[in-house]
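Encoded as structure tokens, the structure appears first; notes follow it.
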Amino acid sequence: MIIIVMGVSGSGKTTIGKLLADLLEWEFSDADAFHSPENVEKMRCGIPLSEADRMPWLQDLQTAIKHWLQENKNVVLACSALKDSYRQFLVLDSERIKLVYLKGSYELIQKRLQERSNHYMSEKLLNSQFNTLEEPLNILSMDVAQPPQIIVQNIRTALGI
């Protein structure tokens, strides 16, 4: 199974994803690692990515997901997956790939980004993230105001893992 933990920057994708993967003894992967150096530099400078910037990144993610499915790997992937079209592109097998949406208010996430250091996604890009976000319907949604351990337990319970 592959669990894609999605949401805007600062929603806790990496934190929740790592906790979940550790608890399940699964592999963890962060979609940020798939970005080109050019994309990372743009984001570091507060420049939102274009669709053309995102496409090679999405293709690389899809290739990794295909590989994980072929090898029957259990993976938790932290990935923004902000648009429905991106999610459709990545969910190659709805039986074996599950989406978890980390949902939080603009104010809470802005506060988190202000407190974050050593990450290229700054609060400057938060408006862009929320403007790009197409909130998913009919998938597991978690309120990020809850403690991370509670969120992870709720994900496990909801997915039966």
Side-chain angles (χ1 to χ4, degrees), residues 1-44 48-104 109 112 116 118-121 125 128-129 132-144 146-161:
M1 178 186 282
I2 298 170
I3 299 171
I4 300 175
V5 180
M6 59 143 308
V8 298
S9 181
S11 62
K13 297 180 299 292
T14 300
T15 299
I16 299 302
K18 283 181 178 177
L19 282 171
L20 183 60
D22 287 348
L23 188 64
L24 297 172
E25 297 181 357
W26 288 13
E27 186 176 322
F28 172 78
S29 187
D30 195 322
D32 285 348
F34 290 78
H35 276 299
S36 69
E38 296 80 14
N39 281 3
V40 171
E41 188 55 31
K42 274 183 121 173
M43 290 183 283
R44 188 183 319 280
L49 297 180
S50 69
E51 291 301 307
D53 294 328
R54 284 190 186 97
M55 192 42 69
W57 172 71
L58 287 166
Q59 289 169 335
D60 289 346
L61 285 169
Q62 187 188 67
T63 299
I65 290 168
K66 283 180 186 174
H67 177 75
W68 297 331
L69 289 172
Q70 288 169 349
E71 294 197 349
N72 285 321
K73 284 191 171 186
N74 291 317
V75 179
V76 178
L77 172 65
C79 178
S80 55
L82 297 176
K83 288 189 174 188
D84 184 57
S85 61
Y86 305 164
R87 295 186 291 272
Q88 288 181 26
F89 189 76
L90 298 175
V91 178
L92 303 171
D93 179 340
S94 61
E95 293 298 312
R96 298 194 296 158
I97 299 175
K98 301 298 178 192
L99 289 164
V100 176
Y101 173 40
L102 299 182
K103 182 176 182 170
I109 293 174
R112 287 181 176 184
R116 184 176 358 186
N118 300 322
H119 196 281
Y120 59 82
M121 281 295 283
L125 291 173
S128 167
Q129 291 266 298
T132 302
L133 176 65
E134 295 172 0
E135 285 205 335
L137 305 173
N138 304 319
I139 71 163
L140 183 56
S141 180
M142 294 286 143
D143 178 1
V144 300
Q146 298 176 38
Q149 290 77 9
I150 300 295
I151 294 171
V152 168
Q153 278 307 121
N154 289 342
I155 293 169
R156 286 191 71 193
T157 301
L159 295 180
I161 49 175

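Residues L159 and L140 meet the side-chain proximity criterion, which asks for heavy atoms closer than 4.5 Å. Side-chain contact between L99 and P136 is absent, with no heavy atoms from C-beta onward closer than 4.5 Å. The closest side-chain heavy-atom distance from I65 to F89 is not below 4.5 Å. The closest side-chain heavy-atom distance from T132 to R54 is below 4.5 Å. For the pair V5 and M142, the minimum side-chain heavy-atom distance is 4.5 Å or more.
Counting only distance, with no hydrogens or angles, the side chain of K13 and the backbone of G7 share a donor-acceptor pair below 3.5 Å. Q129 contributes no side-chain N or O that, together with a main-chain N or O of V8, makes up a donor-acceptor pair within less than 3.5 Å. The closest donor-acceptor contact from the side chain of R156 to the backbone of I161 lies under 3.5 Å.
Atoms CE and OH, on M55 and Y86 in that order, are 7.5 Å from each other to the nearest 0.5 Å. Rounding to the nearest 0.5 Å gives a distance of 6.5 Å between CZ of R87 and CD of E134. To the nearest 0.5 Å, the span separating CG on L61 from CZ on F34 amounts to 5.5 Å. Separation of atoms CG (L102) and CD1 (I109) is listed at 8.5 Å; rounding is to 0.5 Å. Atom CD in E51 sits 4.0 Å away from atom NZ in K83 (nearest 0.5 Å). Distance CD/E135 to CE/M6: 8.5 Å, rounded to 0.5 Å.
Scored by the ring pair (Phe, Tyr, Trp, His ring centres under 6.0 Å) test, W26 finds no partners at all (sequence neighbours excluded). Annotation: side-chain contact (heavy atoms from CB on, under 4.5 Å) contacts of T15 (sequence neighbours excluded): L19, P148. Scanning for salt bridge (Lys or Arg N to Asp or Glu O under 4.0 Å) contacts around K66 gives an empty result, with sequence neighbours left out.
Heavy atoms from other residues, nucleotides or ligands lying under 6.0 Å from CD of E25 number 12 at most. Heavy-atom neighbours of K18 NZ from other residues, nucleotides or ligands within 6.0 Å: at or below the threshold of 12.
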>> Please determine whether side-chain contact (heavy atoms from CB on, under 4.5 Å) holds for the pair V100 and I16, giving the CA-CA distance in whole Å, both sets of side-chain angles, and the decisive distance to 0.1 Å.
In response: CA-CA 10 Å; V100 176; I16 299 302; over 6 Å; no

> Would F28 and L20 satisfy side-chain contact (heavy atoms from CB on, under 4.5 Å), going step by step from the backbone distance to the final call?
Replying inline: CA-CA 9 Å; F28 172 78; L20 183 60; over 6 Å; no

> Under the side-chain contact (heavy atoms from CB on, under 4.5 Å) criterion, do I97 and L69 qualify, and how do the steps go?
Replying inline: CA-CA 9 Å; I97 299 175; L69 289 172; 4.0 Å; yes

> Stepwise, does the side-chain contact (heavy atoms from CB on, under 4.5 Å) test hold for S29 with W68?
Replying inline: CA-CA 11 Å; S29 187; W68 297 331; 3.7 Å; yes

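Shortest non-hydrogen contact noted between V144 and R112 is O-NH2, 2.6 Å.
A donor-acceptor contact under 3.5 angstrom links the side chains of D53 and S50, judged on distance only.
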